[in-house]
Structures are given as C-alpha cells and as structure tokens.
Amino acid sequence: MNFNTLKTRILILLVLIITSCQEKFNGKSEKDFKISKEKIEKNLTADEKIKLEKAVSVIALKAMILKWDESNKYKGKSFNDIALELVDGLSYSSVTDLAEDFLQERNKKRSGEIINRNKQIRKKENGNIKQSETT
C-alpha cells in the first residue's frame, strides 16, 4: 500500500469519526425535533444558526413540493411530518447540505425550463419573421 492510499484511508476514517460524533436531529415528533435542535444550536456560531434556520425553511419548501409532486406517497402526512422525516437522524452539516443540494437541483431545473421557453419564443418569432417576409 503506498503512502497516498494510506493517507486517504486515514482521512476518510477521521471524517467518519467526526461526523458520527455530531449531534443529530430527532424528527420523531415536533417536540423531539425542537429539543434536538436546541442541543445542536448550543454548539453553533451565530452565522451557523442563521444558516440552519434558512436550511430548515428550504427543507419545509422541499416537503411542500414533495407533498404536491408525490401526493400518493405522502397521503395523510402533513408538510411538517414530511419535513421531520427528511431531517430525522441528520447532523447540522447534513441538513445544510440537503438544503443546498435541493436549491441547486431546483435552480438547475428552473434554468432548463427558462432556456426551453426562450428557445420556443425565438422559434416562434423566427417563424413569424419568415411568414412576414413571404407576404
């Protein structure tokens, strides 16, 4: 085993140890979530607390979209229930990563929709220009 492989394995092991020691959110109930959130916030800076609040808001939005898009899967569940499921067992960093990933995915999807709409408009405009040239 070469030195770089050994360093990589040690680094991965350290990351796993550090992340497994982080406090996790309990999404079994709103009360449990609130208690776990308070414990996690005790170790966060003011900026990290703000980032967490934003992430929780984004996850609430994700829960609403999931309820809308996958209504059969989430039948009988509230937005809160879905959001609690999404964060259950996750650490602070995992929750913020989940929110960031969701926003990036959503922005990418929206960008694609806008590009397609613009292409359709240009195509329609080009068709109208060609029609007016022939008349």
Side-chain angles (χ1 to χ4, degrees):
M1 182 181 328
N2 70 29
F3 185 69
N4 285 336
T5 304
L6 181 61
K7 278 182 18 180
T8 303
R9 287 185 179 184
I10 290 172
L11 181 63
I12 290 171
L13 181 62
L14 287 173
V15 168
L16 289 173
I17 290 170
I18 291 169
T19 57
S20 66
C21 294
Q22 285 185 339
E23 194 75 39
K24 308 279 192 238
F25 286 95
N26 183 340
K28 302 298 180 210
S29 70
E30 286 187 49
K31 182 180 176 183
D32 291 337
F33 174 75
K34 185 177 179 182
I35 292 168
S36 63
K37 184 179 174 206
E38 288 171 358
K39 285 181 186 177
I40 290 169
E41 286 180 330
K42 285 180 184 179
N43 299 317
L44 300 179
T45 66
D47 287 342
E48 288 172 328
K49 288 177 185 178
I50 292 169
K51 188 174 180 179
L52 177 60
E53 283 305 314
K54 289 177 182 179
V56 169
S57 296
V58 168
I59 291 170
L61 172 64
K62 179 180 175 95
M64 291 177 203
I65 291 170
L66 286 171
K67 173 92 171 165
W68 181 264
D69 290 347
E70 302 176 36
S71 56
N72 289 336
K73 181 178 179 181
Y74 295 105
K75 190 173 186 172
K77 291 189 178 183
S78 70
F79 298 135
N80 258 2
D81 293 339
I82 298 167
L84 290 173
E85 278 181 23
L86 291 171
V87 299
D88 187 41
L90 299 181
S91 64
Y92 161 80
S93 58
S94 295
V95 166
T96 56
D97 287 348
L98 176 65
E100 288 173 11
D101 291 347
F102 170 72
L103 287 176
Q104 287 176 355
E105 182 182 305
R106 185 167 163 84
N107 288 341
K108 187 175 180 180
K109 182 180 176 185
R110 294 279 184 177
S111 295
E113 291 171 357
I114 291 169
I115 289 168
N116 286 336
R117 234 180 279 137
N118 286 341
K119 285 179 182 177
Q120 290 173 349
I121 290 169
R122 280 192 215 110
K123 190 175 181 180
K124 188 175 181 179
E125 287 173 349
N126 287 339
N128 288 341
I129 291 170
K130 289 178 183 176
Q131 278 184 346
S132 65
E133 289 175 358
T134 58
T135 55

Asks: Rounded to the nearest 0.5 Å, what separation is found between the CG atom of D101 and the OG1 atom of T96?
Replies: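 Here the interatomic distance stands at 9.5 Å.
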Asks: To check you understand the geometry: which heavy-atom pair defines the closest contact between L86 and L98, and what is its length?
Replies: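 Between these two residues, the closest heavy atoms are O-CD2, 4.0 Å.
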Asks: Got a second to check how far M64's CE is from I82's CD1, nearest 0.5 Å?
Replies: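 CD1 of I82 is found 10.0 Å from CE of M64.
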Asks: Is there a path from I50 to I59 through hydrophobic residues (I, L, V, M, F, W, Y) whose side chains come within less than 4.5 Å of each other?
Replies: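 Not linked; separate clusters.
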Asks: Assess whether side-chain contact (heavy atoms from CB on, under 4.5 Å) is satisfied between N116 and E113, documenting all intermediate values.
Replies: CA-CA 5 Å; N116 286 336; E113 291 171 357; 5.9 Å; no
Asks: Give a yes or no answer on whether the side chain of N107 reaches the backbone of L103 with a donor-acceptor pair at less than 3.5 Å.
Replies: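 Yes, N107 side chain to L103 backbone: donor-acceptor pair under 3.5 Å.
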Asks: According to side-chain hydrogen bond (donor to acceptor under 3.5 Å, both in side chains), who are the partners of K37, at least two apart in sequence or on a separate chain?
Replies: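 Testing K37 for side-chain hydrogen bond (donor to acceptor under 3.5 Å, both in side chains), a comparison that skips the adjacent residues, returns E53.
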Asks: Should the heavy atoms of other residues, nucleotides or ligands under 6.0 Å from NZ of K49 be counted, would the total exceed 12?
Replies: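 Atom NZ in K49 is packed in, count exceeds 12.
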Asks: Quick one: pull up CZ in F79 and OH in Y74 and give me the separation to the nearest 0.5 Å.
Replies: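 Output value for this atom pair is 12.5 Å.
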Asks: Less than 4.5 Å apart, side chain to side chain, heavy atoms only: is that true for V56 and F25?
Replies: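 No, side chains not in contact.
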Asks: Salt bridge (charged side-chain N to carboxylate O under 4.0 Å, His left out): which pairs involve residues 71-83, sequence neighbours left out?
Replies: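 Applying salt bridge (charged side-chain N to carboxylate O under 4.0 Å, His left out) to every pair that reaches into residues 71-83, excluding sequence neighbours, yields E70-K73, K77-E85.
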Asks: What about V87 and I65, same hydrophobic cluster or not, with Ile/Leu/Val/Met/Phe/Trp/Tyr joined at side-chain heavy-atom distances under 4.5 Å?
Replies: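 No, no single cluster joins them.
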Asks: Starting from V58, can I reach L52 by hopping between I/L/V/M/F/W/Y residues whose side chains sit under 4.5 Å apart?
Replies: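 No, no single cluster joins them.
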Asks: Verify side-chain contact (heavy atoms from CB on, under 4.5 Å) between K42 and E38, making sure each step is shown before the conclusion.
Replies: CA-CA 6 Å; K42 285 180 184 179; E38 288 171 358; 5.5 Å; no
Asks: Between A83 and A63, what is the shortest heavy-atom contact and its length?
Replies: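 In this case the closest contact between A83 and A63 is N-CB, 3.7 Å.
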Asks: Should N26 and I35 count as side-chain neighbours, where that means a heavy-atom distance under 4.5 Å?
Replies: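 Not touching, per the 4.5 Å side-chain cut-off.
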Asks: Measuring from atom CD of Q104 to atom OG of S111, what distance do you get when rounded to the nearest 0.5 angstrom?
Replies: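 Here the interatomic distance stands at 11.5 Å.
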Asks: Is there a donor-acceptor contact under 3.5 Å linking the side chains of E30 and N80?
Replies: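 A pair is found: one side chain offers a donor N or O, the other an acceptor, under 3.5 Å apart.
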Asks: Just how far is it from atom CZ of R106 to atom CG of L61, taken to the nearest 0.5 Å?
Replies: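 Taking CZ in R106 and CG in L61, the distance rounds to 5.5 Å.
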Asks: Which atoms form the tightest heavy-atom contact between I40 and Y92, and what is the distance?
Replies: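 What the structure gives for the nearest pair is CG2-CB, 4.0 Å.
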Asks: Could you report the tightest heavy-atom contact between S36 and K24, atom names first, then the distance?
Replies: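 Of all heavy-atom pairs spanning S36 and K24, the closest is CB-O, 3.7 Å.
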